[in-house]
Amino acid sequence: YGRNNNNNNRLPPVVRSARDDSMAIQHVRVHEEQQQQGYHQNDYTHDYNNNRGGYNNNNNTVDRHYGSSNNNNNNNNRRRRQLFKNINLDKMDENKGLTALVVPISFSDHDERDVIDTEDLVTLFTATEPDADICVTGSVNQYFLDNSNDEVSLDAIVMDWIDLDDKYTEAYCAGGKSGLDSIVQECLKNALTKVEEAMKDDMDEDEEDAFTWDDLDLDGNKVVDMVVFVHSGYGAEFGGTDHYNSFYTDRIWSHAWELDWPTTLGDGIVVNHYAMVSSLHGFSNRNIVRVGTLVHEIFSSLGLPVMYDGYNGQGIGSFDAMANSWGMDGTGHYPPMLSAWTRHALNWIEIIDIDTDGMYELPASAITPRAFKISNGFPVGEYLLLENRQAKSFDGDLAVGGLAVYHVDEDATWTEEGHPEQQGWPENGKHYRVALLSAEGSYAMEKNEDRGDHFDLFRKGGRSSIGPDGISPLPFGATEAKHPNTNTYQDGVVKETGVRIFEIGFSEDLMTFEVSFDTEIN
């Protein structure tokens with residue numbers, strides 16, 4: 001495993017199998033068993049060409065209108081196809097998983113550096129239980145399993161470390177812009193050339209057991225489903241100057257994007273979209289990258305939208321790894337579970353419509369993949385989603401669980417925060433596509449004051465009601481709390497829906513609440 005510093009020009013061998021001594025790539029099968037955040041969090045102020053820190057927040061490519069979300073299967077399938085242009089999700093469901101090609105790359109000026117052992121990378125991507133040194137809360141595979149209710153796993157084919165050609169130093173690949181332009185793709189194509197050559201050598205040695213590119217083309221469209229480049233430098237997202245005196249603009253920011261010129265490899269297979277992360281956490285140690293960074297970038301490469309603001313807010317923050325992969329404790333060991341909206345986009349959660357008065361029970365979404373939707377009284381594409389979030393799985397750092405109430409407007413953007421302190425709000429039409437109606441009533445995530453916490457969830461003993469006139473009980477010292485509420489605000493048109501969610505019970509694995517509709521308003 002690892003690299004051979006005595007012969008930097010050699011082709012990298014594939015990773016030896018853990019099951020035998022052949023030179024076949026280790027293909028870790030886990031079907032039967034069961035992210036500091038990448039550059040996307042707005043921790044740092046630098047912003048290249050209003051790109052909000054990276055490629056995959058470019059509105060021309062990922063911030064598209066996905067259509068309204070309803071329970072019609074045809075509409076849902078169409079929405080999934082629009083959202084995930086990079087992968088056939090029906091095939092992913094059918095095959096119960098995906099396989100990632102993991103390509104560790106070492107910049108040419110890093111030949112004297114120690115690198116993360118490939119065995120540790122295999123553990124980080126595919127382990128079926130936590131590892132105290134590598135993935136203390138679980139692997140990328142475990143994150144897939146927990147969010148899909150054990151329906152979809154992640155396998156990984158992990159290459160040995162590839163030494164880039166002499167031209168491709170870390171600073172060259174970063175291009176003075178933290179790798180956030182096309183120069184970095186030269187380096188990736190150099191790596192892919194070496195990967196292809198290594199595959200040919202592998203087939204010459206053992207054609208029967210050799211890896212083929214078809215192993216990574218789940219839907220047969222001649223495009224590799226998932227490629228993750230893991231590089232030898234420190235991530236630019238940590239800012240400052242690293243242990244080797246490299247400024248962050250001369251290091252690579254973790255990101256997900258598409259190659260400007262897709263690369264065709266053996267058997268006519270094309271590599272198009274990819275994720276790229278540092279193998280290291282921080283900028284002055286040899287600790288392995290945290291799982292939060294990986295899951296955020298991997299799902300971005302598959303097509304999930306980035307759900308944080310990038311300018312002045314945090315989106316839904318710690319209630320979705322696509323908004324904050326660091327988790328509430330900031331370590332990256334607890335990337336939040338995907339929200340009900342995101343899991344619905346993946347077809348990993350059941351959405352049940354509520355349209356009649358009554359008392360309802362909702363199990364914790366980490367146990368039973370279920371959420372409620374309220375669209376009565378709202379225009380097309382606008383609705384409420386209700387989800388029971390508890391301190392389970394990757395939400396283990398949540399101090400107290402409760403009922404999350406999301407206000408969804410499929411016509412809105414991800415980047416326009418809205419809150420009561422803005423002039424003319426909510427008639428100014430500013431709000432997130434998916435906003436968490438915080439039980440705290442402070443709009444702290446919209447105002448970039450925090451990334452969310454347990455006070456944002458509804459439960460008995462805290463805020464236990466939300467309706468057209470706001471939340472209750474009132475926050476301490478307040479004489480009224482008109483916001484948030486259950487009124488419409490799509491396109492700045494504010495109307496009462498008559499929806500009231502009240503008598504919300506204690507935080508439990510099975511939470512109860514009542515819903516009523518003012519039929520005259522409705």
Side-chain angles (χ1 to χ4, degrees), residues 68-71 315-316 319 339-341 344 351-362 371-389 402-412 417-420 422 425-446 452 455-460 462-475 478 480-505 511-522:
S68 62
S69 173
N70 56 44
N71 251 2
I316 61 172
F319 295 94
S339 67
W341 185 92
H344 178 51
I351 303 295
I352 299 175
D353 286 292
I354 292 178
D355 54 13
T356 58
D357 295 358
M359 177 175 285
Y360 294 86
E361 294 181 334
L362 185 59
F372 289 133
K373 174 183 176 182
I374 299 175
S375 55
N376 276 9
F378 290 91
V380 174
E382 187 176 7
Y383 52 91
L384 303 179
L385 277 181
L386 312 182
E387 180 183 19
N388 181 359
R389 298 292 288 256
L403 187 68
V405 181
Y406 307 100
H407 192 159
V408 180
D409 176 6
E410 300 285 1
D411 287 339
E417 72 285 343
H419 54 80
Q422 292 177 344
W425 187 84
E427 286 82 0
N428 63 10
K430 292 185 176 182
H431 50 266
Y432 293 133
R433 181 173 297 181
V434 180
L436 183 73
L437 300 184
S438 170
E440 197 171 23
S442 64
Y443 288 81
M445 286 187 285
E446 283 82 355
F455 293 111
D456 294 310
L457 301 176
F458 289 88
R459 59 183 167 272
K460 189 172 183 178
R463 305 284 103 72
S464 57
S465 174
I466 182 171
D469 50 357
I471 59 176
S472 67
L474 294 176
E480 64 176 8
K482 296 188 296 183
H483 302 288
N485 55 48
T486 59
N487 300 331
T488 73
Y489 56 23
Q490 188 180 84
D491 297 325
V493 178
V494 178
K495 293 182 179 180
E496 286 194 16
T497 62
V499 174
R500 186 177 303 278
I501 305 164
F502 62 104
E503 293 294 337
I504 299 172
M511 292 193 66
T512 60
F513 56 90
E514 293 188 43
V515 176
S516 67
F517 298 88
D518 188 321
T519 54
E520 292 185 7
I521 296 176
N522 213 273

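Atoms considered below: every heavy atom in the structure, side chains included; atoms not considered: hydrogens, waters and symmetry mates. By convention here, the first residue in the shown sequence is residue 1.
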Between atom NE2 of His419 and atom NE2 of His431, what is the distance when rounded to the nearest 0.5 Å?
14.0 Å

Does Glu382 use its side chain to pair, donor to acceptor, with the backbone of Tyr489 at less than 3.5 Å?
yes

With sequence neighbours excluded, tell me which residues meet salt bridge (Lys or Arg N to Asp or Glu O under 4.0 Å) with Glu446.
none

Are the side chains of Leu436 and Met445 in contact, using a 4.5 Å heavy-atom criterion?
yes

Minimal non-hydrogen separation, Leu362 against Asn388, with atom names:
O-ND2, 3.0 Å

Answer yes or no: is there a donor N or O on one side and an acceptor on the other, between the side chain of Glu387 and the main chain of Ala340, under 3.5 Å?
yes

Any donor-acceptor pair under 3.5 Å linking the side chain of Arg389 with the backbone of Ala404?
no

Hey, what do you get for CD1 (Ile351) to CG (Leu385), rounding to the nearest 0.5 Å?
5.0 Å

Looking only at atom types and distance, does a side-chain atom of Thr497 sit under 3.5 Å from a main-chain N or O of Thr488, one as donor and one as acceptor?
no

Is there a donor-acceptor pair closer than 3.5 Å between any side-chain N or O of Arg463 and the backbone N or O of Pro473?
yes

Are the side chains of Val515 and Phe502 in contact, using a 4.5 Å heavy-atom criterion?
no

Taking the six-membered ring for Trp and the single ring otherwise, decide whether the centroids of Phe372 and Tyr360 are under 6.0 Å apart.
yes

Before you tell me yes or no, could you show the steps for Ile374 and Ile501 under side-chain contact (heavy atoms from CB on, under 4.5 Å), namely the whole-Å CA-CA distance, both residues' side-chain angles and the distance that decides it to 0.1 Å?
CA-CA 10 Å; Ile374 299 175; Ile501 305 164; 4.2 Å; yes

Do Trp341 and Tyr383 have ring centres separated by under 6.0 Å?
no

Can you name the residues that form a ring pair (Phe, Tyr, Trp, His ring centres under 6.0 Å) with Tyr406, not counting sequence neighbours?
none

Can you see whether Asp409 engages Gln490 through a side-chain donor-acceptor pair at a distance of less than 3.5 angstrom?
yes

Return the minimal non-hydrogen interatomic distance between Arg459 and Ser464, and the atom names on each side.
O-CB, 3.8 Å

Side chains of Ile471 and Ser465: does their closest heavy-atom pair fall under 4.5 Å?
no

What about the rings of His483 and Trp425, do their centers lie closer together than 6.0 Å?
yes

Got a donor-acceptor contact below 3.5 angstrom from the Thr486 side chain to the Arg500 backbone?
no

Return the CD1 to OG distance between Ile316 and Ser339, rounded to the nearest 0.5 Å.
4.0 Å

What distance do Ile354 atom CD1 and Ile352 atom CD1 have between them, rounded to the nearest 0.5 Å?
8.5 Å

With no hydrogens and no angle check, is any side-chain donor or acceptor of Ser472 less than 3.5 Å from a backbone partner on Leu474?
no

Tell me if the centroids of the rings in His407 and Phe378 come within less than 6.0 Å of each other.
yes

Asn485 side chain to Asp469 main-chain N or O, any donor-acceptor pair under 3.5 Å?
no

Minimal heavy-atom distance between Ser438 and Pro484, with the atoms involved, is O-CG, 3.4 Å

Note, Glu417 side chain near Gln422 side chain (heavy atom, < 4.5 Å):
yes

List in chain and number order the residues that pass side-chain hydrogen bond (donor to acceptor under 3.5 Å, both in side chains) with Asp491, two or more places apart in sequence or in another chain; answer none if no residue qualifies.
none

Indicate yes or no: at least one non-hydrogen side-chain atom of Leu403 is less than 4.5 angstrom from one of Leu457.
no

Close side-chain approach of Leu384 to Leu437, heavy-atom, < 4.5 Å
yes

Report yes or no: does Glu514 contribute a side-chain atom to a donor-acceptor pair with the main-chain N or O of Asp357 at less than 3.5 Å?
no

Correct closest heavy-atom pair for Tyr443 and Pro420 would be CD1-CD, 3.5 Å

